[in-house]
Amino acid sequence: MTSTGPTPIVPNETAGSAGFPLHKRVLTALAAVSILGAAGCAGAEATSPAAEQAAESPAQETTAAAPEATAAATADQAYEDGTYTQTGSYQSPAGPEEVGVTLTLEADVVTAVEVEPMPDNPTTTMYQERFAGGISDAIVGRKLDDLAVDKVAGSSLTSGGFNEATDRIKSEAQL
């Protein structure tokens with residue numbers, strides 16, 4: 001018998017995997033590797049960039065440069081460093097609502113934020129708590145003038161009160 005070319009080999013798609021086709025096993029293996037890779041990367045940012053920089057530079061150099069850096073930063077600053085608290089209001093379907101906002105500023109950058117839920121009904125409680133839980137990731141490390149929050153953690157109305165409180169903080173902290 002004469003062969004006209006190589007005979008294609010068709011893998012036995014159920015061999016060794018309790019009836020799962022080969023393509024499903026491959027996709028499952030790829031998904032597992034992807035998840036493990038993401039989990040391995042998650043621990044990579046255990047320290048903040050500021051902490052790494054502080055650990056790398058000697059304390060004497062930081063202390064010596066601090067007065068000059070502070071003077072230069074103050075000249076370019078629009079807002080005084082410190083912690084500021086204001087209340088903002090907004091309209092929800094259930095009526096008027098308020099939310100408390102505390103921002104800590106350093107060289108015009110938000111270094112910390114706290115949102116105090118002040119709800120009048122259970123639905124508002126849920127949305128304000130979601131907002132409070134997600135706002136830090138959205139704004140810490142950003143300049144105060146660059147903040148424009150519209151939706152955080154599924155809460156879009158609370159942002160109106162947050163933005164109003166932030167505007168009041170800008171007025172209070174302005175140099």
(request) Look at the side-chain heavy atoms of Ile, Leu, Val, Met, Phe, Trp and Tyr, link any pair under 4.5 Å apart, and say whether Met126 and Met118 land in one connected group. (result) no
(message) Looking at Glu97, is its backbone amide N or carbonyl O close enough to the side chain of Asp120 to form a donor-acceptor pair, meaning the two atoms are under 3.5 Å apart?
(response) no
(request) For Leu157 and Pro93, work out which heavy atoms get closest and say how close. (result) CD1-CD, 3.6 Å
(message) Tell me the closest heavy-atom pair linking Ala78 and Asp108, and the distance in Å.
(response) N-OD2, 2.8 Å
(message) Would you compute the distance between atom CD of Gln86 and atom NZ of Lys170 and round it to the nearest 0.5 angstrom?
(response) 13.0 Å
(request) Establish, from distance only, whether the side-chain atoms of Thr124 and Asn121 form a donor-acceptor pair under 3.5 Å. (result) yes
(request) Let me see the working for Val109 and Leu144 under side chain to side chain contact (heavy atoms under 4.5 Å, CB included), right down to the final yes or no. (result) CA-CA 6 Å; Val109 174; Leu144 182 60; over 6 Å; no
(request) Could you walk me through whether Val115 and Phe131 pass the side chain to side chain contact (heavy atoms under 4.5 Å, CB included) test, one step at a time? (result) CA-CA 8 Å; Val115 171; Phe131 186 93; 4.2 Å; yes
(message) Are Ser89 and Glu164 packed together at the side-chain level, in the sense that at least one heavy-atom pair is separated by less than 4.5 angstrom?
(response) yes
(message) Using side-chain heavy atoms (C-beta onward) and a distance below 4.5 Å, is Leu103 in contact with Ile139?
(response) yes
(request) Give the intermediate values and the outcome of side chain to side chain contact (heavy atoms under 4.5 Å, CB included) for residues Gln174 and Glu80. (result) CA-CA 6 Å; Gln174 194 165 13; Glu80 186 173 346; over 6 Å; no
(request) Return the minimal non-hydrogen interatomic distance between Ala173 and Leu105, and the atom names on each side. (result) CB-CD1, 4.0 Å
(message) Is there a side chain to side chain contact (heavy atoms under 4.5 Å, CB included) between Val101 and Thr87? Walk through the geometry before answering.
(response) CA-CA 6 Å; Val101 177; Thr87 301; over 6 Å; no
(message) Would a single hydrophobic cluster contain both Tyr127 and Phe162, if residues Ile, Leu, Val, Met, Phe, Trp and Tyr are joined by side-chain heavy-atom contacts under 4.5 Å?
(response) no
(request) Determine the minimum heavy-atom distance between Gly88 and Ala165, stating which atoms define it. (result) N-CB, 3.7 Å
(message) Determine whether a donor-acceptor pair (N or O, by modelled atom type, separation under 3.5 Å) exists between the side chain of Asp146 and the backbone of Arg142.
(response) no
(message) Distance check, rounded to the nearest 0.5 Å: Leu147 atom CG versus Asp167 atom CG?
(response) 10.0 Å
(message) Looking only at side-chain N and O atoms, does Gln128 offer a donor or acceptor that is under 3.5 Å from a partner on Ser155?
(response) no
(message) For Gln91, is the CD atom crowded, meaning more than 12 foreign heavy atoms sit under 6.0 Å from it?
(response) yes
(request) Kindly check if the number of other-residue, nucleotide or ligand heavy atoms within 6.0 Å of CD (Glu172) is above 12? (result) yes
(request) Would you name the heavy atoms of Ser159 and Val149 that are closest together and state the gap between them? (result) CB-O, 3.5 Å
(message) So, taking the atom named CD1 in Ile169 and the one named OG1 in Thr102, what distance separates them when rounded to the nearest 0.5 Å?
(response) 7.0 Å
(message) I'd like to check Tyr79 versus Leu175 (side-chain heavy atoms, cut-off strictly below 4.5 Å). Are they in contact?
(response) no
(request) Measure the shortest side-chain to side-chain distance between Thr85 and Glu116 over non-hydrogen atoms and say whether it is less than 4.5 angstrom. (result) no
(request) Please check if the side chain of Thr111 supplies one atom and the backbone of Thr104 the other of a donor-acceptor pair under 3.5 Å. (result) yes
